[in-house]
Every structure is written in structure tokens, then in C-alpha cells.
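Only one structure is covered here, and it is reproduced in the block below.
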Amino acid sequence: MEKERKDNNSKKIARRDIIKSLATVPLLGAVAYGALKTRKNWFLTRDISDVFQISGSEPMFLQPKPGGEQIRVGLIGFGIRGKQLMRAIGFAEPSYIDTLTEAKKNNPNDTRLDVFLEQDDLNVVVNGVCDIFDVYGETARLAGANINKQGTGGKPGPLPKRYRTYQELIAADDIDAVIIASPDHWHGTMAMDAARKGKHVYCEKPLTWTVPETYMLQKVIKDTGVVFQLGHQGRQTASYQRAAEIIKNNLLGHVNLIEVCTNRNSPNGAWVYDIIEGSGPQTIDWKQFEGDPDRIREYTDYMKSNGLERYMGPEERNRFSLERFFRWRCWWDYSTGLSGDLLTHEFDAVNQVMKLGIPASATSSGGVYFFKDGRTVPDVLQTVFEWPDRDLSMLYSATLASSRNRGKVFMGTDASMEVSDVLKIVADRNSQRYAEKISQGVITTDQPFFTYVPGQSNVDAVTSATELYFAQRGLLYTYVNGKRYDTTHLHMREWLECIRQGQTPSCNIDQAFEEAITAHMGTRAYLEGRTMYWDSDKKEIVRG
Amino acid sequence: MNYNYSKSQLTLLVILRVFIGWHFLYEGMVKVLNPGWSAKAYLMDSKGLFSQFFVNMSSNPGLMKYVDLLNEWALVAIGLGLILGCFARLSCIGGMLLLLLYTLSHPAIIGVKYMMPMEGSYFLIDKNLIELAALAVLFVFPTARIIGIDLLLYRVLPASFRKFII
């Protein structure tokens, strides 16, 4: 009897056991209720899609066409920027690879080597290089030959030819396109001459050194029809493309003031570059460095006819000087100062976002307030540009002796937007557009309600605390289809693809013309100490 | 069943199991229900000895899709397992594994600051590790065969499967 009961017990499942086994099931309902409620709450309190419409689309980049022909490139100028441009198209000098390899060995978090090695192959060959400093010229050859991206002792490809003058380089039959990374006073001349020889041109900013050459260059590029790209790689920054959409959708209200800045605080940032070993009158072709005679005449005419001799020199142009060769940005004799070197990046970004064109006027002030090393270009500069037709001003404010970071800020009646690699929007407490959301507490005005970090897809809701935290620290990198990219690489890739596909690059000659004239207005306003105006009918800079 | 728990021991062990299960399930469901959720930012912020592994993981979007999916649904499954007492000991092991990964990616070491601030002060032992230890306790003091679906499973499943339950 006892045994039978036991058997029954083990075979049949008693009701008691069922209760015991399912005792905790009702708890699931409670958790599910909590989760669903949380979700509903999250969407209710965060949804801003009725007042903030923006597409979630990924930034657009011109995609390479498969089977495109190889482009034969020539490089003019292998200084700091020339080296960077060569690396951006996949050619680094072996010593640079050594440096990156060593850096990675010492710090596994240093990914520069990997990023460089994984960079897309742009299907170009470097057939010629030109630099008037022997050390740079020879190193440029090594870079151009380094097709396998190896360090010292690697297996190079054929050495590109080194030309002593840029005129010889642009005359070469085995070169389709040139990259110009010379000092500012040579940009326009080299670009014009290259275009006349039918070469496509990638030219570093600023477009020109003198005002007259700006018009000539624009005409030559248009007449010859070569593919021209100016080196404002910010055109490829994903957040700038998103910013343009935000402006187009009028999400900031009436933008009436834009503030852009430069803040640096180091000798290098102030253009006091190293004097390179091996440099001297024997290894530098000073005659070529001096500049094109036509350009020098335009420069001298302008300076002298406006009583600006104090900004020229002070050394004679034909006198050899290592300081002037390596630190040429410090003297108007070769440079365009803060206006041409750094304001242009800021202006081009704003022009990309707001399509402002040339301003109606420019007023500047500043001086040499810190780097009293004999330079003639200011190290502190403020320039205010006006666009009365758009009812807005843009302030450029720069110092080379304080690194306090200030953003690129677009101030509107409904919100302000700060743009860098990421983008942040803060609602204005007096906004009409966001008034209801503000009063409901959905949007707060003391921190960004929208942030854009490349790759982020959630654009319909107020940015969460986590997203904001990371955006503020700029931790999220730019990825295109899952790959991290350097904007300079993307910018040069766009130029090369436009050559292959017969298209126009984003920073084409018209954009470049607007950039150059704007910078020249700022420079002239500083030099002459008075407001400069743009006569849009006559298309010339005039005085008030 | 050879465990002779007193009533209060059993009750408290079951409460502990349900609490931890509740925490896992809710964490999992919130992530599953939020379409934009990803562990990417969290992993990018990894510090300590193993940070490189987690940072590399976060920078691989193809892999992150699966990491996110696995993390979300593992949290849900472990939560369900613990609350219901269904494969409860397996759930304990799974839960400990997840918590170990969280701890390795965000160890509570001195001098390290994380993007997401911790709500308390920890040195080496943080709440993840305490929860991990609690799961270990539940593993050696199983209750699901007394209160939980494992009670039924043990009887229904063929003998070869029983080892997953005991």
C-alpha cells in the first residue's frame, strides 16, 4: 500500500507540485507591465518629430565607380601639408611608417597605422614630384614609390621623377592631375599654369594670395574645364552635411549671428615651424621661392598704393632666410595670415551649411600681441562679415596664444547650433517653435535636446543622457559603411572620382572664388583699417 | 531532492532568485523594446586590462549587431529562467558569464573614470560582482526543483537532459 502510493506520487504530478512549479509565473506580468510602461513613457516624453523634422539618412559621399581608370598624379610641395595629402591618397614616406609602427608598439591604442593601412586604394600612381628643397624633394620620391605602404627597408615601386621646377612637372605627358601644396603666394599661379596644360587640380587653401589673380584663376579653370577642388576637407564632414539640412528645414528659426573661432596656443600652431636639418642656400632654390613676378607686382602695387609698406618685408625679398622659408606664414610677403590660413576653413564650413556667398562687407581688427618674433601678420584677429540680404552677421574671432575652445555656433531665434565633428542644438528659451515642448518639459533649454554623432540613426527623439555624454566627449568617430575615414582622404577621393566620372567636386572653383574674395576682404580690412565692401554688380571689392 | 532547507532558507533563496531574475529581465526588455539601443558607447568606454578587446568589438559594426542582439536576449532569457525557475542553474551560469564580461570591461579600479558615472563608490567590488556572487550562491543552493518549473521538467524530460537541471 505504502509502495503503491509512492509510485503514484512519482508518476502523477500532484496539483500541489504544479502550484509550486508555477508559483513565480505571475511575477512576469509585473515586469512586462513595467517594461512596456517605460517604453511608452520614453517615446511620449522624448518624441519631437512634430517640431523637429530631419531625415535619418547617412551622409552622402560620391562612391567610386568600379573599373575607373588609374589617375597619374604629380605633387608640388612636400612640406607639412604636402606630406599629409600624399598620405591621404595612400603614399607615405617610409620613415613615417616607421614612426607609426613605433608609436603603435609603445601604445596599442594608437590606431594611426591601422587607419592608414586600411585606407581605400584610390587607384592612383605618383609619376612626378616637385619641391625646391632637396630634402623634401627626395623624401617625396620615396613616398611616391612606397606603393606597399612599408617602412624603411621595404620593397618600393618605381621612383617618381623629381622635377626641379613646377613648370616642368605640369608639362609632363605622364601626369593627368596635380596636387598643389606650395606656400600661399604660389597657389594661384601654379593652379592656372597647370590648368592651361590640361591638368586637373587639387589646390590647398586659400585659393589665392592676391586679389587680381583670383579672377584670372576662376576664368582659367572655367575656360579649360579641368576638374578643380580646393582643399577644404571640411566639405566631407558628416555633421556639416547634417547642419545644412537643419538650416534648410528652418529648425533654428531666423539665424542672425554666426560665431566662428580659431584658438591655438603653441609655437607650431602659430606657424613657428622647425628649421629642417640639411637646409641651406645650397639645398633650397631661393629664386623660385620668391614667387612669380606678376604676383609680386600685384602684391607690391596694392601695398604701396595704399600706404601699407610697413606690412611688407621687413627683409628684402631676394635675401635668403631659413626662417622665411620654413615659417613663411608669418609674413604677408608670402602669406595670407589668419584670414587665408584659418578663417577660410571656418567660412567654407559656414558657406557649405548656409550657402551665404560673398559677404556685403568685412571689418577687421587685431594685431601682433604675443608672437613678437618679427612677423608682420597678426596673431590676434577679429573680422565681422555682414550679409544684410540674409539679415545676419558672422564674427570670426581668432588668437594663436590661447587654446580656450570655442565652437562654431549658429544663433537663431528658435535654437542655437554648435557644429564640430558632432553637432549639438540647444533650444532658445524664448523660442516660438519649441515653446510647447519646453513648457511640457520635453525639451530643456540648459542642455542640447538634439545631438548628431555620425552613424547615429535615432533622430526623432530628444537625445538621451547617455548619447549626450558621449557626444560631448566626441568619442564617436566618423564611419562610412563601417570604416573610419580621414576627411582629407574623402575630399581627395571625391576629386579623383569627379575626374573619372566627369562631375564637379563639392569645393569647386565658384565655392573657391567666394572663399578667396571673403578672405581678401577680411585681410584688406585689417591692413587698411577700414571696412571693405563687395560690389556684387561690378564684382569687385570697394571701399566705403 | 536532497536539499533540506528550512522554510525561511527556502523562502529567502527563492526571493533572491526572483529579485536577480527580475533585474535581468527588466534590463533585457528595456533594451529589446528600445530600437536605438546599442552597447557600442558603453564598450567604447571600456577601461582596464581588457579594454582593447571591448573597444575593438565596439568599432566593428557588423559584429556589434550580434553582440547587441545576444546581450539583449540573453538578459531576457536569464531573467525568465531565474524568475520561473526554468533551467535555473544554467541561467545562473549564463548570468555569471554576462556579469563577468561587464566587470572585465568596466572594472572598479582606482584612478579610472567612466563616462557614465557610478552612483556610488567602489573599489574592485562593485554591484555587478556582488550580483555575480549571489548567482554563485544560487547555483550551489538551487531552489528551482522545489519552487519552479524545473520541478516539472525534471519529471518530464528524459534522463539524459536532467543533468542540465540539477
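The figures here come from the full heavy-atom set of this structure, side chains too, leaving out hydrogens, waters and symmetry mates. Throughout, protein chains are lettered first and strands after them, A, B, ... in sequence-line order, and every chain is numbered starting at 1.
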(request) Give a yes or no on this: more than 12 heavy atoms of other residues, nucleotides or ligands lie within 6.0 Å of atom OH of B/Tyr122. (result) yes
(message) If you count every heavy atom of other residues, nucleotides or ligands that lies below 6.0 Å from A/Glu436 atom CD, does the total exceed 12?
(response) no
Minimum heavy-atom separation for [X] and [Y], please, with both atom names.
X	Y	answer
B/Leu84	A/Thr24	CA-OG1, 3.5 Å
B/Val18	A/Leu27	CG1-CD1, 3.2 Å
B/Met29	A/Ala32	CE-CA, 3.9 Å
A/Ala30	B/Trp22	CB-CH2, 3.5 Å

(message) Under a 4.5 Å cutoff for heavy-atom pairs, which residue among B/Ile83, B/Val32, B/Asn60 has the most contacts with chain A?
(response) B/Ile83
Rounded to the nearest 0.5 Å, what separation is found between the [atom1] atom of [X] and the [atom2] atom of [Y]?
X	Y	atom1	atom2	result
B/Leu25	A/Leu28	CG	CG	6.5 Å
A/Arg16	B/Leu151	CZ	CG	11.0 Å
B/Ile149	A/Ser21	CD1	OG	6.5 Å

(request) Check the pair A/Asp17, B/Arg155 against side chain to side chain contact (heavy atoms under 4.5 Å, CB included), reporting the backbone distance first and the verdict last. (result) CA-CA 11 Å; A/Asp17 287 346; B/Arg155 297 188 188 172; 2.9 Å; yes
(request) Counting only heavy atoms closer than 4.5 Å, note whether A/Ile19 contacts chain B via side chain, backbone, both or neither. (result) neither
(message) Assess the residue pair B/Leu33 and A/Thr38 against the criterion (side chain to side chain contact (heavy atoms under 4.5 Å, CB included)); give the C-alpha distance rounded to whole Å, side-chain angles, the decisive distance to 0.1 Å, and a yes or no.
(response) CA-CA 9 Å; B/Leu33 292 174; A/Thr38 304; over 6 Å; no
